Amino acid sequence: MHGLSRLGTGGTRSMSPSPPSSPRLRYGSNKSFGGRVGGGKQSSAVDKMVLFLISAVFRRKGVLLFAPLLYISIMLLCMGSLGFDVVNLKKAIVVVHRRAPPGSLYRSPQVFVKLWPFMEAENNGSSNTLLSVWNLKMHQSWRPCVNKIISKTGPSELPKSNGFLIIEANGGLNQQRLSICDAVAVAGLLNATLVIPIFHLNSVWRDSSKFGEIFDEEFFMDKLRNNLKVNIVKELPQDVLQGFNNNISSIVNLRVKGWSSPSHYLQKVLPKLEEMRAVRIAPFSNRLAHSVSSSIQGLRCFANFEALRFSEPIRMLADKMVDRMVNNSSLSGGKYISVHLRFELDMVAFSCCEYDGGQEERHEMDIAREKGWRGKFRRRGRVIRPGANRMDGKCPLTPLEVGMMLRGMGFDNSTTVYVAAGNIYKEEKYMAPLRQMFPRLETKYTLATAEELAPFKGHSSRLAALDYTVCLHSEVFVTTQGGNFPHFLMGHRRYLYGGHAKTIKPDKRKLALLFDSPDIRWETFKLQLKDVLRRSDVKGGEMKKPSGSLYTFPMPDCMCKHSEEKRNNRSKLA
């Protein structure tokens, strides 16, 4: 039986509540070529005429038998050039469908099977790209200079406080980090006393950790007081809290729009702060514009790159993990690659991409989307196009695709790889080829013991902090899907490594085409990926644009050109 098509009703329908019967049964298999629905006398006449002409042709001499075959051949040739494939040839009817556009299908496993023998032939080579991956002539010209920026623009002593600012940091680890740094900037702008930020229990991260369990609270407060002259307290003083019936929820919550300008805070928030002695802003994520004055940017820079560090338990284990990665990378001079792999169930489901799991995978993704987003993907007019998403570079890279990309760039199987990730979707299946290409692969669960990780169990933000630290100190960082984690890491790495992110940020539109080419030659594959690596190298030293975030692009707001400093010193000596 035929269900009602979501693409449209097609033609005229009867008012019968029953679905129409099969056209084949209605007209008979010997009376219809197209299987029309709802035809009349005119349709029957046309059908009879076509039958008559074909019968006449077949009654002619043998030479005329080639005419239909010639016609069909020409038609197929034309359709092939337009991207069509033959599906069926039955009763003189050619049924065709349009060939999938290049880059729209997940055919990476077929490409891997074709290229694996060539990868094996280059195993344990003497020219591992990791030893000379970055072109150092292009960078190493920027150095952190936050202290100079804040000494020029900041006050010499603690200013008089206009009141207490309470903010709620929502989201995961790095979204909370963004809220904290922006709150420092707003507190400095308003001459407000900042209360240590409250962490909202996120429905996705489900981490109940408080500020001091993730970040070094005392270190943070000392740095702000001594360097930024920003007032900060652990909690609201009792005398102030009594004015709100000892209930922090009674304090007015100001609804500040996203990306608000400093003038908005001065005109709208400051009067309320002075009047009521304390205000709340919750949620606070992305509540301060990117483009602000250098004095405000200086507060952001110092808070993020100098004042925020992880708590001691996180730092101690993270440092051990970094040392173990360096020791495991003896074949490459202590250098290793870190990969932020976004291939968790929720990420795959949200992307609306299809891989090689067939109907079972589609069913699992439907369940995950409904559980996580409650009908968002079933709204009227919502069309899911997995092929278009892949061509547009919106599909998360699989572990297999990450491995093929790195091998094509010249990283051989002696390379030590650290994978930062949550729970990988069907991990046993999808991680196997990546381990095959890089047997020296580590995760936090293989690098640290179960006893060492026990205090972090159930705390996703603390586990993410371990991943963050190991990735921060790698020679190469690979980002595969975007998000706050890689954006903050790229900025932090630029701050530490002379202005260069040392990050591979691949063009996934280009990769989609490469991974959809089962007949591609190994040399061609390598040439294309070397170009991807070169582009990542060039873009690693990008500077912040007016609409950009200094958390990703710290130059020039948080860093100064080293060459300019040298010229200034020479001129002073002269």
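None of these values were measured; they are calculated from a predicted model. Both backbone and side-chain heavy atoms feed into the values below; hydrogens, waters and symmetry mates do not.
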> SG of C145 to SG of C558, below 2.5 Å?
Replying inline: no
> Are K429 and E427 ion-paired here, with the side-chain N under 4.0 Å from a carboxylate O?
Replying inline: no
> Ignoring hydrogens and geometry, is there a side-chain-to-backbone donor-acceptor pair from R407 to M437 under 3.5 Å?
Replying inline: yes
>> Test your reading of the model: is there a side-chain donor-acceptor pair from E120 to the backbone of L115, 3.5 Å cut-off?
In response: no
> Is there a donor-acceptor pair closer than 3.5 Å between any side-chain N or O of S311 and the backbone N or O of G212?
Replying inline: no
> Excluding sequence neighbours, so at least two apart, what forms side chain to side chain contact (heavy atoms under 4.5 Å, CB included) with W373?
Replying inline: D346, A349, F350, R369, K376, F377
> Under the side chain to side chain donor-acceptor pair (under 3.5 Å) test, which residues partner E354, sequence neighbours left out?
Replying inline: none
>> Set out, in order, the CA-CA distance, both residues' side-chain angles and the distance that settles side chain to side chain donor-acceptor pair (under 3.5 Å) for N128 and T415, then state yes or no.
In response: CA-CA 8 Å; N128 191 340; T415 305; 2.9 Å; yes
> Are S294 and D557 linked by a side-chain donor-acceptor pair shorter than 3.5 Å?
Replying inline: no
> Which is it for Y495 and E306 under the side chain to side chain donor-acceptor pair (under 3.5 Å) test, yes or no, and what are the steps along the way?
Replying inline: CA-CA 10 Å; Y495 190 80; E306 300 293 338; 2.5 Å; yes
Residues 166-184, side-chain donor-acceptor partners within the protein, below 3.5 Å, at least two apart:
from	atom 1	to	atom 2	distance (Å)
E168	OE2	H200	ND1	3.4
Q175	NE2	S285	OG	2.9
Q176	NE2	G171	O	3.4
R177	NE	N304	OD1	2.7
R177	NH2	N304	O	3.2
S179	OG	Q175	O	3.2
D182	OD1	R300	NE	2.8
D182	OD1	R300	NH2	3.2
D182	OD1	Y551	OH	2.6

> Got a sec, which residues hit salt bridge (Lys or Arg N to Asp or Glu O under 4.0 Å) with R435, two or more places apart in sequence or on another chain?
Replying inline: none
>> So, using salt bridge (Lys or Arg N to Asp or Glu O under 4.0 Å) as the criterion, who are the partners of E360 when residues are at least two apart?
In response: K426
> Under a 4.0 Å N-O cut-off, is there an ion pair linking R534 with D531?
Replying inline: yes
> side chain to side chain donor-acceptor pair (under 3.5 Å) with K530: which residues, sequence neighbours excluded?
Replying inline: T129
Please list every donor-acceptor pair under 3.5 Å in which a side-chain atom of residues 319-336 meets a protein atom from a residue at least two apart or in another chain.
from	atom 1	to	atom 2	distance (Å)
R324	NH1	L447	O	2.9
R324	NH1	E452	OE1	3.0
R324	NH2	E452	OE2	2.9
N327	ND2	D323	O	3.2
N328	ND2	R324	O	3.2
N328	ND2	E442	OE2	3.3
S329	OG	M325	O	2.6
S329	OG	T416	OG1	3.3
S332	OG	S329	O	3.3
S332	OG	K335	O	2.7
Y336	OH	V470	O	2.7

Show me, pair by pair, the donor-acceptor contacts under 3.5 angstrom made by side chains of residues 481-493, not counting sequence neighbours?
from	atom 1	to	atom 2	distance (Å)
Q481	OE1	K508	NZ	2.4
Q481	NE2	K394	O	3.4
H487	ND1	G483	O	3.1
H492	ND1	Y468	OH	2.9
R493	NE	A501	O	2.8
R493	NH1	C471	O	2.8
R493	NH1	L472	O	3.1
R493	NH1	S474	O	3.0
R493	NH1	S474	OG	3.3
R493	NH2	S474	O	3.1
R493	NH2	K502	O	2.8

> Just by distance, with hydrogens left out, do N123 and D412 show a side-chain donor and acceptor under 3.5 Å apart?
Replying inline: no
> E213: what forms a salt bridge (Lys or Arg N to Asp or Glu O under 4.0 Å) with it, not counting sequence neighbours?
Replying inline: R462
>> If we count only N and O atoms by modelled type, under 3.5 Å, do the side chains of E364 and Y425 hold a donor and an acceptor together?
In response: yes
>> Which residues pass the side chain to side chain donor-acceptor pair (under 3.5 Å) test with K444, not counting sequence neighbours?
In response: D467
Please tabulate, one pair per line, all N/O donor-acceptor pairs under 3.5 Å involving side-chain atoms of residues 214-224, not counting sequence neighbours.
from	atom 1	to	atom 2	distance (Å)
D216	OD1	F219	N	3.2
D216	OD2	R309	NE	3.1
D216	OD2	R309	NH2	3.0
D216	OD2	R315	NH1	3.4
E218	OE2	K234	NZ	2.6

> Taking only residues two or more places apart in sequence or in another chain, which ones pass side chain to side chain donor-acceptor pair (under 3.5 Å) with Y355?
Replying inline: none
